[in-house]
Structure formats: structure tokens, C-alpha cells
Amino acid sequence: MKKFALICAALLLPVSAVAQTTVVLPGEVRTYVLEQQTPSVVYEGEIVVGQPLPETVEILTIPDQPDFAYAIVNEKRVIINPKTHTVVEVLQ
């Protein structure tokens, strides 16, 4: 019985971790960022959803969207939480 409980816990752990990091972007945020002609900045690190970008990467505000900002890094459009500099989504 103990093994069964451990297996169930192990199977449920990844699902709960993913559910906590999922952010639903308003459509206007995605549209706004895709339309911007902002120059790309070079960043030598990896851009990972859920991880912060360094404070040296300038983030730009999105009108009427205080919970989201963006940057164009290594030619990729990146949605960022402006309070934490955490990557929310990388647009392709």
C-alpha cells in the first residue's frame, strides 16, 4: 500500500507543478507585443519560462496591462512579469 501511495504522489507531482506556473495571457498582450518594432537585445543566458531575466535586460511596459511587460531578447519576443522580471511566455 505504501508503494502505491508513493507512485500516485510521484505521478501527481509534475501535474501540480505545471498548473502553478501556467499564466493565461490576454489576447491584447500577445497582439501588442507581436506588433512592436523594438530592437532585440543580446543575452548570453538561456531564456526559460518561470526564470527571471537579469535586471540589466530592459523591459518595456504594455499599455493598460500592469501585470505584463515585454522585451525582445535574442530575436525572441518575451512576455515578462514586470515586478519580478520572471519570464511568463516566449512568443514564437
Side-chain angles (χ1 to χ4, degrees):
M1 186 65 169
K2 205 177 216 181
K3 281 185 181 178
F4 180 74
L6 289 173
I7 291 170
C8 288
L11 291 173
L12 292 176
L13 183 62
V15 172
S16 63
V18 170
Q20 292 173 356
T21 59
T22 302
V23 175
V24 177
L25 286 180
E28 56 269 15
V29 168
R30 180 173 282 124
T31 301
Y32 180 84
V33 172
L34 290 172
E35 290 175 347
Q36 299 311 298
Q37 299 298 318
T38 307
S40 180
V41 297
V42 176
Y43 171 60
E44 294 197 21
E46 188 176 351
I47 302 169
V48 178
V49 172
Q51 296 296 312
L53 288 174
E55 295 289 328
T56 56
V57 174
E58 180 184 4
I59 63 171
L60 304 160
T61 60
I62 300 172
D64 301 322
Q65 296 292 333
D67 295 331
F68 300 103
Y70 78 99
I72 301 178
V73 182
N74 299 341
E75 304 298 328
K76 296 179 182 175
R77 294 168 189 275
V78 182
I79 308 294
I80 302 164
N81 177 321
K83 297 175 185 101
T84 63
H85 268 246
T86 301
V87 175
V88 174
E89 187 172 331
V90 179
L91 302 178
Q92 299 298 338

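Scope of the values below: all heavy atoms of this structure, side chains included, with no hydrogens, waters or symmetry mates.
Linking Ile, Leu, Val, Met, Phe, Trp and Tyr whenever their side-chain heavy atoms come within less than 4.5 Å puts L34 and I62 in one cluster.
Among all heavy-atom pairs drawn from V48 and V87, the shortest one is O-CB, 3.4 Å. Considering all non-hydrogen atoms of both residues, I59 and I80 come closest at CG2-CD1, 3.3 Å. Residues P52 and T84 share a closest heavy-atom pair of CB-O, 3.9 Å.
Looking only at side-chain heavy atoms (C-beta outward), V42 and N74 come within less than 4.5 Å of each other.
Annotation: the span from H85 atom NE2 to K83 atom NZ amounts to 12.0 Å, rounded to 0.5 Å. Remark: E89 CD to L25 CG distance equals 4.5 Å, nearest 0.5 Å.
Screening residues 33-51 for side chain to side chain donor-acceptor pair (under 3.5 Å), with sequence neighbours left out, gives T38-Y70.
Paired with Q65 under the rule side chain to side chain contact (heavy atoms under 4.5 Å, CB included), one option of V29, V33, I79 passes, and it is V29.
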